[in-house]
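To keep things clear, I will list the structure first and then write my remarks on it.
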Amino acid sequence: MTKLNFNKILITGGAGFIGSNFCRYMMRKYPDIEISMLDALTYAGNPDNFRDLEQDSRFRFIHGDIRDKEVIEELVSQVDAVVNFAAETHVDRSLYFAGDFVETDVVGTYTLLEAARKCGVERFLHISTDEVYGSIEQDSFNEEAPLNPSSPYSASKGGGDLLMRSYFVTYKLPILITRSSNNFGPYQYPEKLIPLFITNAIDDKPLPLYGDGLNVRDWLFVQDNCEAIETVLYKGAPGEIYNIGGDNERTNNEITKLILKLLNKPETLIQPVKDRPGHDRRYSIASTKVKKLGWTPRTDFETAMKTTVDWYVQNQAWWRKLKDKSFDKFYNKHYGKDGEAAPVEK
Ligand code: NAD
Ligand code: TYD
């Protein structure tokens, strides 16, 4: 891609799904890169996600929290750029533990911003979500659309975004924001729709489909998002927000049936369950702005879904460990045994 004038990057929340994919992608591509990955290793952060990077002298891991002012200041003072993936990310959890979302997604973002302001950085890229715009029945949101979040998750992400913008306007901090649509791919924690349904289907467990299954999401393969984040980091204009969509709008019904088809499992595994409170009907964003920087999603959707299903089939040790731990604790408490959500009340 471009000629970079910085190579020391702090990646916060890098032990999660997108962050670990991004670190791997950048280390393969840039021989001179130096990555400091900080992560609190919450239930979603997983050392298995970056084992393959640990032996590389260009990589170091720091176990820490983005709200820890001292640790963050020290790390930010050593790098040229910050990319923040750290967040509480699961909408269903935000319905029960909203405070955790405010703490990390708002207060954590503030702590990073203060450190960046104090130490100075060339770029501070914050990874956000299309969910801050809320639901849209027709057409697509561009970056000028007002924020209209529905869940404590998206509201907290919106709060972080607004703080980011304020530090650009007030302090001229060179911030950037990406707002991507729903990602899927290897290393996604098996609580989100696609990995939950793949792993349940492998074990012939029910797939708890919320409501009428007609909610629409725009699916983006994580590799395409990594390329978009790289593009925005090096080519984006400070202060700007970039939507990153996959151009793959599908209903949850369609996604569920495709997973079952790829695994050769029967549709009788689909279990309609009570709808999620505040469930956004459709997300849709226009990615015209980032496409002007030269990025476009390159992966064919069905091929990427097959790659993803194959990865979960071949990496059962990775996800079985997770399903045995906190995952079951959360789901058994709130959704019933074995990850089944409460069945639809007739
Ligand atoms: P994830 O839940 O897999 O990973 C989040 C990571 O953040 C974990 O490793 C966790 O340990 C870490 N973390 C949480 N709280 C922390 C704290 N206080 N300090 C340090 N680390 C902390 O999430 P993901 O799917 O990889 O998402 C990454 C980012 O992308 C998030 O900001 C999310 O809002 C955004 N995003 C995700 C999607 C998606 O579909 N997954 C879509 C759009 C935007
Ligand atoms: P999810 O992966 O939680 O992402 P988000 O809510 O952030 O878009 O959910 C994607 C869609 O799948 C959403 O419409 C809710 C639905 N869904 C189910 O129907 N059943 C489930 O068990 C989960 C986790 C999600």
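In each ligand, atom 1 is the first atom listed, and ligand 1 is the first ligand listed.
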Where I285 and S140 come nearest, the two heavy atoms and their spacing: C-CB, 3.7 Å
Residue pair A87 / T104: nearest heavy atoms and the distance that separates them: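 Residues A87 and T104, closest heavy atoms: CA-CG2, 3.6 Å.
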Numbering the atoms of ligand 1 from 1, which are under 4.0 Å from a heavy atom of [X]?
{"X": "F85", "answer": "28 (C), 29 (C), 31 (C), 32 (O)"}
{"X": "G45", "answer": "8 (C), 9 (O), 10 (C), 11 (O)"}
{"X": "N182", "answer": "40 (O)"}
{"X": "I127", "answer": "29 (C), 30 (O), 32 (O), 35 (C)"}
{"X": "A87", "answer": "5 (C), 7 (O), 14 (C), 31 (C), 32 (O)"}
{"X": "K157", "answer": "31 (C), 32 (O), 33 (C), 34 (O)"}

N or O contact, R276 vs ligand 2, cut-off under 3.5 Å: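 So ligand 2 has an N or O lying under 3.5 Å from an N or O of R276.
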Among [options], which one has a heavy atom closest to [atom]?
{"atom": "atom 8 (C) of ligand 1", "options": "D39, N46, D65", "answer": "D39"}
{"atom": "atom 24 (C) of ligand 2", "options": "E191, R93, R217, R282", "answer": "E191"}
{"atom": "atom 25 (C) of ligand 2", "options": "Y153, Y189, Y210, W219", "answer": "Y210"}
{"atom": "atom 39 (C) of ligand 1", "options": "I194, I62, N183", "answer": "N183"}

By number and element, which atoms of ligand 2 are closer than 4.0 Å to a non-hydrogen atom of [X]?
{"X": "E131", "value": "5 (P), 7 (O), 8 (O)"}
{"X": "P208", "value": "18 (C), 19 (O), 20 (N), 21 (C), 22 (O)"}
{"X": "V91", "value": "6 (O), 7 (O)"}
{"X": "N215", "value": "14 (O)"}
{"X": "H90", "value": "3 (O)"}
{"X": "H279", "value": "13 (C), 14 (O), 15 (C)"}
{"X": "L209", "value": "19 (O)"}
{"X": "N182", "value": "4 (O), 5 (P), 8 (O)"}

Check against ring pair (Phe, Tyr, Trp, His ring centres under 6.0 Å), F197 and Y312: CA-CA 11 Å; F197 281 16; Y312 282 88; over 10 Å; no
What do we get for [X] next to ligand 1 when only non-hydrogen atoms under 4.0 Å count, side chain, backbone, both or neither?
{"X": "E131", "result": "neither"}
{"X": "L41", "result": "backbone"}
{"X": "I18", "result": "both"}

Ring geometry between Y187 and W318 (parallel below 30°, tilted from 30 to 60°, perpendicular above 60°): perpendicular
Any donor-acceptor N/O pair, T199 side chain to P190 backbone, under 3.5 Å: no
Sidechain-backbone polar pair: E114 side chain, T111 backbone, donor-acceptor under 3.5 Å: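 Not confirmed, E114 side chain does not pair with T111 backbone.
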N/O separation below 3.5 Å, [X] to ligand 1:
{"X": "S181", "value": "no"}
{"X": "K192", "value": "no"}
{"X": "T129", "value": "no"}
{"X": "F17", "value": "yes"}

D280, portion touching ligand 2 at heavy-atom distance under 4.0 Å: neither
Within 45° cone of F301 ring axis and under 6.0 Å: R250 NZ or CZ: yes
Quick one: does [X] get within less than 4.0 Å of ligand 1, heavy atoms only?
{"X": "S20", "value": "no"}
{"X": "Y189", "value": "no"}
{"X": "S180", "value": "yes"}
{"X": "Y153", "value": "yes"}
{"X": "S128", "value": "yes"}
{"X": "T12", "value": "no"}

Side-chain heavy atoms of N21 within contact of Q223, under 4.5 Å: no
V222 side chain reached by Q188 side chain, heavy atoms, under 4.5 Å: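 No, too far: nothing below the 4.5 Å cut-off.
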Shortest protein heavy-atom distance from atom 21 (N) of ligand 1, along with the residue and atom involved: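 Going by distance alone, atom 21 (N) of ligand 1 is nearest to A40 N, 3.2 Å.
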